[in-house]
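Values below: all heavy atoms of this structure, side chains included; hydrogens, waters and symmetry mates excluded.
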Amino acid sequence: VRRREVEGRFLMEVTVVAHGFEEFAARLAQWPAIFRKHMTPAVTRSVIGGEGIAKKLAPRDTSNLARSITHEVRSTAGSVRGKWGTALSPHYGPDVEFGTRPHWPPVSALAGWARRHGTNPYAVAAGIAKHGTKAQPFMRPSFAQIRAKARIELRNGLRAALAEMKG
């Protein structure tokens, strides 16, 4: 700290010198790789857990819905993202999860279900036209059930990454 005069004004000047910055900068450059190394397995375990729960909770007739539930994990320099869900038609999963308003479905689409359940497909279509379909949640409950475990996984992954950064 030193005092100086500039254009008739007195100023205080402060100089800060950082030692060892090169070592810190080198370690900081390693952060993205260290982050991915520890967080990718943590996210993967979390989404596989969520996928398993969703498969157990998915309503069963032919089990196509449960078989269609998969997970995906992607990592970039600064993030790791995981998700699970169904790849069936864009409306099928949400229609099962949330139910539907009354609508007339194609009778031909109900023929297999009606045959397996010993009923008339036209009667099923008429019931859906009058009442819609009931919600059968499987994704939201899977998220709710895996949330606490996922938080622990992610916290542990981040702690491991920070510990490695610290050296």
Side-chain angles (χ1 to χ4, degrees), residues 27-166:
R27 290 182 91 51
L28 193 58
Q30 297 172 351
W31 174 248
I34 292 170
F35 179 82
R36 282 193 312 271
K37 173 184 167 185
H38 293 283
M39 295 306 289
T40 299
V43 170
T44 301
R45 285 189 294 272
S46 298
V47 297
I48 287 174
E51 173 189 342
I53 294 168
K55 285 181 175 185
K56 287 178 187 173
L57 296 176
R60 303 232 188 267
D61 181 40
T62 63
S63 295
N64 284 342
L65 179 58
R67 279 194 305 272
S68 76
I69 298 170
T70 60
H71 73 278
E72 179 183 340
V73 176
R74 290 187 182 182
S75 62
T76 62
S79 72
V80 180
R81 292 178 179 217
K83 61 183 178 180
W84 69 93
T86 176
L88 291 178
S89 78
H91 300 290
Y92 187 74
D95 286 353
V96 173
E97 178 83 10
F98 300 107
T100 64
R101 291 178 166 175
H103 65 285
W104 269 100
V107 175
S108 60
L110 301 171
W113 187 91
R115 184 176 55 257
R116 286 188 300 279
H117 294 271
T119 190
N120 181 326
Y122 182 80
V124 175
I128 293 172
K130 184 174 183 180
H131 303 289
T133 59
K134 180 181 169 188
Q136 300 177 73
F138 62 100
M139 290 300 293
R140 290 175 294 159
S142 71
F143 180 77
Q145 289 182 34
I146 200 67
R147 181 183 295 158
K149 183 178 178 189
R151 281 185 179 156
I152 292 168
E153 288 283 355
L154 298 175
R155 187 179 313 124
N156 290 341
L158 188 56
R159 282 182 180 155
L162 291 171
E164 185 172 335
M165 269 300 278
K166 185 177 177 184

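Remark: the backbone N or O of Arg36 is not paired with any side-chain donor or acceptor of Ser75 at under 3.5 angstrom. A donor-acceptor pair is defined here as one N or O able to donate and one able to accept, closer than 3.5 Å; no such pair exists between the side chain of Thr86 and the backbone of Gly93. Using a distance-only test at 3.5 Å, with no hydrogens or angles considered, a donor-acceptor pair links the side chain of Ser68 to the main chain of Leu65.
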Would you tabulate the side-chain donor-acceptor contacts of residues 145-152 under 3.5 Å, counting partners in other chains and residues two or more places apart, or write 'none'?
none

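Note that CG of Leu158 and CD of Glu153 are 13.0 Å apart. Values are rounded to the nearest 0.5 Å. Taking CD1 from Ile48 and CD1 from Ile53, the interatomic distance works out to 12.5 Å, rounded to the nearest 0.5 Å. Note that the CD1 atom of Ile34 and the CG atom of Leu28 stand 9.5 Å from one another [nearest 0.5 Å]. Interatomic distance, Glu51 CD to Ser142 OG, rounded to the nearest 0.5 Å: 10.0 Å.
Residues satisfying the side chain to side chain donor-acceptor pair (under 3.5 Å) test with Asn64, not counting sequence neighbours, are Thr62, Arg67. Not counting sequence neighbours, the partners of Ala160 by the side chain to side chain contact (heavy atoms under 4.5 Å, CB included) test are His38.
For Pro121 against Leu110, the heavy-atom pair with the smallest separation is O-CD1, 4.0 Å. Residue Met139 comes nearest to Glu97 through the heavy atom pair N-OE1, 2.7 Å, listed as atom of the first residue, atom of the second, then distance.
Between Glu72 and Arg81 there is no salt bridge, since none of the side-chain N atoms of the basic residue sits less than 4.0 Å from a carboxylate O of the acidic one.
Checking Trp113 against Thr119 by side-chain atom types alone, no donor-acceptor pair falls below 3.5 Å.
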### Message
Between Thr40 and Lys37, is the side chain to side chain contact (heavy atoms under 4.5 Å, CB included) condition met? List the steps.
### Response
CA-CA 6 Å; Thr40 299; Lys37 173 184 167 185; over 6 Å; no

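Proximity of the aromatic rings of Trp84 and Phe138 is defined here by a centroid distance below 6.0 angstrom, and this criterion is not met.
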